[in-house]
Colleague: 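Submitted below is the structure of interest, expressed as C-alpha cells.
Whatever order the structure lists ligands and atoms in, that order sets their numbers, starting from 1.
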Amino acid sequence: MVVSPKIAPSMLSSDFANLAAEANRMIDLGANWLHMDIMDGHFVPNLTIGAPVIESLRKHTNAYLDCHLMVTNPMDYVEHMAKAGASGFTFHVEVAKENWQQLVEKIKSAGMRPAVALKPGTPVEQVYPLVEGTTPVEMVLVMTVEPGFGGQKFMPNMMDKVRALRHKYPTLDIQVDGGLGPSTIDTAAAAGANCIVAGSSVFGAPEPGDVISLLRTSVEKAQPTT
Ligand code: DX5
Ligand code: ZN
C-alpha cells in the first residue's frame with residue numbers, strides 16, 4: 001500500500017458535553033485520528049471550539065488530534081494549539097496566500113504536522129506550491145462541502161481535485177471532509193483520497209464501528225497494490 005487509510009471521525013457531530021468519552025469511544029471502535037473542527041464565526045458562519053477544549057481533551061486521550069482550523073488568522077492560533085496538544089494543524093489556503101511558508105514553518109517548529117485545506121470554490125492549483133515548498137505541507141484537505149456545518153451533501157465534482165493531486169503526488173496524504181459515508185466513500189477512495197473525515201455518518205449510525213470499518217475497507221480496496 002502506498003498510502004495508508006486514516007479514518008477520522010469529526011467530533012463536531014459528537015456530544016460535546018461528553019467529549020472525552022466520545023473521543024475514546026471512537027478510538028476503541030477503530031478510528032485512527034480524531035478530527036477537531038475549530039471555527040471562528042468569521043471565516044465560516046459558525047463558532048465551535050478552540051485551544052482550551054483541545055487542552056482539556058488532551059488530558060483524556062493520547063490520540064492524534066487532527067485539527068482543522070476554519071479561522072481567518074491561522075498564524076495567531078499556532079502557539080496556542082501546540083501548547084494545547086494538537087497533533088495536526090490544517091489551515092485554509094484562502095487565508096494564507098501571503099504567508100503560507102512562514103505559517104508552515106511555524107507549525108512544524110511547534111511540533112505539529114502541517115496541512116492545507118481548500119474550499120470548494122478554490123482551484124486545486126493554489127495548493128501545489130505548498131506541497132512542493134522547501135518546508136512542505138504533509139497533507140491536503142479537499143473540502144467536499146462548504147465548510148461550516150456537519151451533515152451537508154457530498155459534492156462529487158470535487159473529485160477532480162483529488163484525482164489531480166493523487167496523480168501528481170502518489171504518496172501524499174489526501175483528506176476529504178464533508179458528506180462522507182457508506183454511500184460516498186467509494187467515489188472518494190477511487191479518486192485517491194486516503195484520509196477520511198466523517199461526522200454525521202459515523203455518529204448517526206446505530207453501529208459507528210461498522211461505518212469506520214467500511215470506510216477503511218473502501219480505501220484499502222481502492223489502493224494500488226504494486
Ligand atoms: C465542516 C467540517 C466537517 C464536518 C463534517 O465544515 O469541516 O469536518 O464536521 O461533517 P459530515 O461528515 O457530517 O459532513
Ligand atoms: Zn473539518
Colleague: Considering the heavy atoms of Gly178, write down every atom of ligand 1 situated less than 4.0 Å from one of them.
Modeller: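 Per the distance check, 14 (O).
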Colleague: Atoms of ligand 1 less than 4.0 Å from Val197 heavy atoms?
Modeller: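 Answer for ligand 1: 8 (O).
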Colleague: Is the Phe43 ring parallel, tilted or perpendicular to the His92 ring (thresholds 30°, 60°)?
Modeller: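 The arrangement is tilted - the two ring planes meet at 30° to 60°.
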Colleague: Looking at Val140 and Val127, what are the two nearest heavy atoms and their distance?
Modeller: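 Where Val140 meets Val127 most closely, the heavy atoms are CG1-CG2, 4.1 Å.
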Colleague: Which atoms form the tightest heavy-atom contact between Leu57 and Ala23, and what is the distance?
Modeller: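 Reported closest heavy-atom pair: CD1-CB, 3.8 Å.
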Colleague: Salt bridge or not for Asp15 and Arg25, using N-O below 4.0 Å?
Modeller: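 No, Asp15 and Arg25 are not salt-bridged.
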Colleague: Hey, are Lys168 and Glu132 close enough for a salt bridge, meaning a charged N less than 4.0 Å from a carboxylate O?
Modeller: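 Between Glu132 and Lys168 there is a salt bridge, with a charged N closer than 4.0 Å to a carboxylate O.
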Colleague: Just which atoms of ligand 1 are under 4.0 Å from any heavy atom in Ala198?
Modeller: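 Result: 12 (O).
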Colleague: Among all protein heavy atoms, pick the one closest to atom 10 (O) of ligand 1 and tell me residue, atom and distance.
Modeller: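 Heavy-atom neighbour on the protein nearest atom 10 (O) of ligand 1: Gly150 CA, 3.5 Å.
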Colleague: Just distances here: any N/O of His68 and N/O of ligand 1 closer than 3.5 Å?
Modeller: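 Yes, since at least one N or O of His68 sits under 3.5 Å from an N or O of ligand 1.
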Colleague: Show the atoms of ligand 1 that are less than 4.0 angstrom away from any heavy atom in Pro147.
Modeller: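 The atoms of ligand 1 under 4.0 Å from a heavy atom of Pro147 are 6 (O).
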Colleague: Closest to the Zn ion (ligand 2), which N/O/S atom of His68 is it?
Modeller: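 Closest to the Zn ion (ligand 2) among those atoms: ND1.
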Colleague: Can you name the nearest heavy-atom pair linking Ile212 to Pro9, along with the distance?
Modeller: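 Minimum heavy-atom contact is CD1-CG, 4.2 Å.
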Colleague: Can you name the N/O/S atom of His35 that is nearest the Zn ion (ligand 2)?
Modeller: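 Per the distance ranking, His35 contributes NE2 as its closest N/O/S atom to the Zn ion (ligand 2).
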Colleague: Is there a nitrogen or oxygen of Val145 sitting under 3.5 Å from a nitrogen or oxygen of ligand 1?
Modeller: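 Val145 vs ligand 1: no N/O contact under 3.5 Å.
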Colleague: Side chains of Arg58 and Ser87: any donor to acceptor distance under 3.5 Å?
Modeller: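 Ser87 vs Arg58: donor-acceptor pair found between side chains.
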Colleague: Under a 3.5 Å cutoff, is there a donor and acceptor pairing between the side chains of Ser218 and Asp186?
Modeller: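 Looking only at side-chain atoms, Asp186 and Ser218 do form a donor-acceptor pair, the distance falling under 3.5 Å.
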Colleague: Given Tyr64, which of Asp66, Thr61, Asn62 fulfils the side-chain contact (heavy atoms from CB on, under 4.5 Å) condition?
Modeller: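 The single option meeting the side-chain contact (heavy atoms from CB on, under 4.5 Å) with Tyr64 is Asp66.
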Colleague: Side chains of His68 and Asp177: is there a donor and an acceptor less than 3.5 Å apart?
Modeller: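 Result is yes, a qualifying pair exists.
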Colleague: Between Asp177 and ligand 1, does any nitrogen or oxygen pair lie at a separation below 3.5 Å?
Modeller: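 Yes, Asp177 has an N/O under 3.5 Å of an N/O on ligand 1.
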Colleague: Show the atoms of ligand 1 that are less than 4.0 angstrom away from any heavy atom in Leu12.
Modeller: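 The atoms of ligand 1 under 4.0 Å from a heavy atom of Leu12 are 9 (O).
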Colleague: Checking the N or O distance criterion of under 3.5 Å, is ligand 1 in contact with Gly148?
Modeller: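 In this structure, Gly148 places an N or O atom under 3.5 Å from an N or O of ligand 1.
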Colleague: To make sure I understand the geometry: which N, O or S atom in Asp37 is closest to the Zn ion (ligand 2)?
Modeller: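 The nearest such atom is OD1.
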Colleague: Consider every N or O of Ser10 and every N or O of ligand 1, then say whether any pair is closer than 3.5 Å.
Modeller: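 Yes, at least one N or O pair falls under 3.5 Å.
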Colleague: Got an N/O contact under 3.5 Å between Gly199 and ligand 1?
Modeller: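 There is such a contact, yes.
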Colleague: Please state which protein non-hydrogen atom is closest to atom 11 (P) of ligand 1 and give its distance, to 0.1 Å?
Modeller: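 Protein heavy atom at minimum distance: Gly151 N, 3.6 Å.
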Colleague: Quick one: look up the protein heavy atom nearest atom 2 (C) of ligand 1 and list residue, atom name and how far away it is.
Modeller: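 For atom 2 (C) of ligand 1, the nearest protein heavy atom is Asp37 OD1, 3.4 Å.
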Colleague: So is Gly179 close enough to ligand 1, meaning a heavy atom under 4.0 angstrom away?
Modeller: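 Flag set, Gly179 near ligand 1.
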Colleague: Of all heavy-atom pairs between Asp40 and Thr72, which one has the smallest distance, and what is that distance?
Modeller: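 Closest heavy-atom pair between Asp40 and Thr72: OD2-N, 2.8 Å.
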Colleague: Of all the N, O or S atoms in Asp177, which has the shortest distance to the Zn ion (ligand 2)?
Modeller: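 In Asp177, the heteroatom (N, O or S) nearest the Zn ion (ligand 2) is OD2.
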Colleague: How far is atom 1 (C) of ligand 1 from the closest protein heavy atom, and which atom is that?
Modeller: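 Sorting protein heavy atoms by distance from atom 1 (C) of ligand 1 puts Phe149 O, 3.5 Å first.
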Colleague: Taking only heavy atoms of His35, which atoms of ligand 1 are found under 4.0 Å from at least one of them?
Modeller: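 So the atoms of ligand 1 that pass are 8 (O).
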Colleague: Kindly confirm or rule out an N or O of Met70 lying under 3.5 angstrom from an N or O of ligand 1.
Modeller: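 Such a contact does not occur with ligand 1.
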Colleague: Considering the options Ile107, Ile38, Leu65, which one meets the side-chain contact (heavy atoms from CB on, under 4.5 Å) requirement together with Phe89?
Modeller: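 So the option named by the test is Ile107.
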Colleague: Just let me know how Ser200 lines up against ligand 1, side chain, backbone, both or neither, with a heavy-atom cut-off below 4.0 Å.
Modeller: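 For Ser200, backbone and side-chain atoms both sit under 4.0 Å from ligand 1.
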Colleague: Atom CD of residue position Glu125 - does it have more than 12 heavy atoms of other residues, nucleotides or ligands inside 6.0 Å?
Modeller: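 Buried by this count: over 12 neighbours within 6.0 Å.
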Colleague: Is it the case that the side chain of Ser10 and the backbone of Gly199 share a donor-acceptor pair, with hydrogens and angles ignored and the cut-off at 3.5 Å?
Modeller: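 Checked: no pair found.
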